[in-house]
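So the structure is just underneath, and the comments pick up after that.
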Amino acid sequence: MTSLLSKAFQNAKNENRPALLTYTVAGDNTKKKSIEILKSISNYADICELGFPHNTPIADGGQIQTSAYRAIKNGIKINDVFSIAKDFKKSKKNKPIILMGYYNMIFQYNENKFLDKCKKVKVDGLIVVDLPYPENKKFAAKCKKRGVNFIQLVSPTTTSIRLKKIIKDSHDMVYYISMLSTTGGKLKVSPKKILERYSKIKNQNKSKNVVIGFGITEKTIKSLKKADGLVVGSAICKEISDSINKRQNPVTNVTNIVKRLKNKIK
Amino acid sequence: MKLKKGVPLIDQHDRYGFWGGKFGGSFIPETLKKPVEDLTNEFKKLRKDKKFLKKRDFYFKNYIGTPTSFVKLDNLTNHLGGAQIWAKVVSEANGGAHKIYNATVHALICKAMGKKYIVGDTGAGYAGKMLSMAAKKFGLKCKIFMGAKDIKRQKPNCDAMRKNGAEIVPVYSGSQTLVDAVSECMRYWVSNCDNTHMCVGSTVGPNIFVKICGWSTAQISRELKVQLKSEFKKLPNKIKLINCVGGGSSAYGFWSEFIDYDRKKIELIGVEAGGPKKSKLHAAPLSQNAKIGILHGAASYLCQNSEGQINDTESISAGLDYPGVSPIHCFLKDTKRARYTYATDEDALKAHVMVTKYENLNPSLEPSHAFAEAIRIAPKLSKDTIIIVNSCGDAKKDRDILRERLGKK
């Protein structure tokens, strides 16, 4: 059976554009608001990534850290994250949702319990930032068993031998980190270089959907539109922070930025 | 779970880097896989390279100034009655603490790998100060990440870092202490790993950093073993080695040569930071029975809530103020080879006052935690028991805190 994730990529391909993936932090800035944001932006985004916030995020830059700390301060718990996902899937049942976060949260919840819960609330995929290959093999197999896509990450430092192995063991989607950076860094590599590397990954196995993330903003998104998908996270988190600071409605502002991002890759 | 004899503890991990099957590992983002693998291979090569070892020994002797002395604290022993109290005065090392061993080795590795930039984290400021010293010595550019709260409370060490030409990057996120400094340092490394070497300041972090640090501080126990034999002709029958434990680098270095001995002959006692007496916060994951969790790339006993969020810690001693602990200490705890307890801020202060009153020794707040335990147990022990405390840091850096807490001195 084709996964919802694969279908979303196929739909975008049919429209001759990359899929747009958004990242927001669950509970940012409140549980209620984050559901509203998610539902509203999913009218334009093809796939929604939902971060479960951790207070020691070693691979995240300032914008996502701020969102995560804000959500935790507002009392968000892992079960709230699941209930946000569940609520979202109830109204948008064909829109794929990916949970993303750090392994300790899964470890404390219990791996099996966590994945059963993912399956139950119909989470489509999972990204675990600090559980790299090959340590993640067993976990990835557990995901597969429950019909949850485990999404492998590849970076500019990934060697060719390693790349081959990772692609071979990957599921429907692979996430390419555009540059040596935490999330939200300024794009310091030329789009041409990124796309060259992207092609190398893509050529390993054309059936895998490869997305590019890190450093993607309204300014840079157009230059990478050849990819299967593009992830925007920090730019959205920043918009939430800015809206709160300006006492404006984050739902409207974030929706507008996602709408603009989408228009740029049409 | 069992300890192996004749194999250094730093090498008793499985192929994924876990001690006892569950402590340690390398929980790192994909970007760091390659640099960590490169470092692992380089270290594997260098530790067998005779030229490198000669270089290390040269700098240990002529730059760090080893061996540090091993002295009997006669006045303290007489005052307390009971066991003999000795100190290994590691604070005599260049810079004033054991952190110089790890810093020197990392600088040498950085040079060997052809990298020009070195970054590190620091809590009490000693790891940062020593790394800045070593960087200056070996001509490397150095950045030190330090929590904003620690910058305030450990000013003397910050002054030293700046004097050595290092840039101090203040970290304002979270609790603004060591835990946040390590996170920010790792983030910096993720972004700059192509030309920058990272030094983790203790036996924590991804597997390879635990190994390099333990390999470096092990010098302390190699010296002590020789000194014990020359002082007593053979190893005494009842020894207790007491060391403070934050990340656990000085404790591992102090114990590594003695782990193979029976614990009835050589007992290993680790003393964590219990925090203020009336506070619920502490930095004592081993002795307060914390659950296993993952922090900064490794699994260890960890101060955290049921969700896996890292708890705030509190201790008068910035060097021990860390929610996690080395995976090798978790392994020593579970195999029952070492015993872990804690001392409160007040216990440590009292111990500092007593030691400085009776002896010509000025232990910083970190080893004062170890002295607190020595003072507590010594009177109950026989005269042929040899208690040795690793006085691993000098209190110069604690000048302001001591003045505030104890009044003008």
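Naming: A, B, ... by sequence-line order, numbering from 1 per chain.
Residues B:Asp321 and B:Thr313 have side chains that bring a donor and an acceptor to within less than 3.5 angstrom of each other. Looking only at atom types and distance, the side chain of B:Asp334 has a donor-acceptor partner in the side chain of B:Tyr301 under 3.5 Å away. The closest side-chain donor-acceptor pair between A:Tyr198 and A:Asp228 falls under 3.5 angstrom. Checking B:Tyr342 against B:His282 by side-chain atom types alone, no donor-acceptor pair falls below 3.5 Å. Using modelled atom types, one finds no donor on one side chain facing an acceptor on the other under 3.5 Å when comparing A:Asn29 with A:Lys73. Judged purely by distance below 3.5 Å, without hydrogens or angles, the side chains of B:Lys143 and B:Thr196 never pair a donor atom with an acceptor atom. There is no side-chain donor-acceptor pair under 3.5 Å between B:Tyr117 and B:Asn192.
Contacts between B:Asp180 and chain A at a heavy-atom distance below 4.5 Å are absent for every atom of the residue. At a 4.5 Å heavy-atom cutoff, the contact between B:Leu302 and chain A is made by side-chain atoms alone. If you measure heavy-atom distances from A:Asn136 to chain B, you find no contacts under 4.5 Å at all. For B:Glu37, no part lies under 4.5 angstrom from a heavy atom of chain A. Heavy-atom distances place both the backbone and the side chain of A:Thr158 under 4.5 Å from chain B. Of the two parts of A:Val128, neither the backbone nor the side chain holds a non-hydrogen atom closer than 4.5 Å to a non-hydrogen atom of chain B. Contacts of A:Ile58 with chain B are made by both backbone and side-chain atoms, with heavy-atom separations under 4.5 Å. Looking at A:Tyr109, neither its backbone nor its side chain comes within 4.5 Å of chain B, counting heavy atoms on both sides. Heavy atoms closer than 4.5 Å to chain B are found in the backbone of A:Pro53, but not in its side chain. With a 4.5 angstrom heavy-atom cutoff, A:Ile106 does not touch chain B via any of its atoms.
For chain A, the option among B:Thr31, B:Val190, B:Asn305 with the highest count of heavy-atom pairs below 4.5 Å is B:Thr31. Top candidate by heavy-atom pairs under 4.5 Å with chain A, chosen from B:Cys185, B:Gly17, B:Ala299, B:Ser183, is B:Ser183. Interface check for chain A: of the options B:Leu295, B:Leu32, B:Ile292, the most heavy-atom pairs under 4.5 Å are formed by B:Ile292. Annotation: maximal heavy-atom pairing with chain B below 4.5 Å, among A:Gln152, A:Met179, A:Met105, occurs at A:Met105. No other option in B:Gly297, B:Gly174, B:Ser306, B:Pro29 has as many heavy-atom pairs under 4.5 Å with chain A as B:Pro29. Counting heavy-atom pairs closer than 4.5 Å to chain B, the top-ranked of the candidates A:Leu131, A:Thr159, A:Asp60, A:Ile177 is A:Asp60.
When the options A:Ile127, A:Leu99, A:Val232 are evaluated for a side-chain contact (heavy atoms from CB on, under 4.5 Å) with A:Glu49, the one that passes is A:Ile127.
In this structure, the side chain of A:Asn55 does not engage the main chain of B:Gln309 through any donor-acceptor pair within 3.5 Å.
The aromatic rings of B:His296 and B:Tyr322 lie parallel to each other, their planes meeting at an angle below 30°, with 60° marking the opposite boundary.
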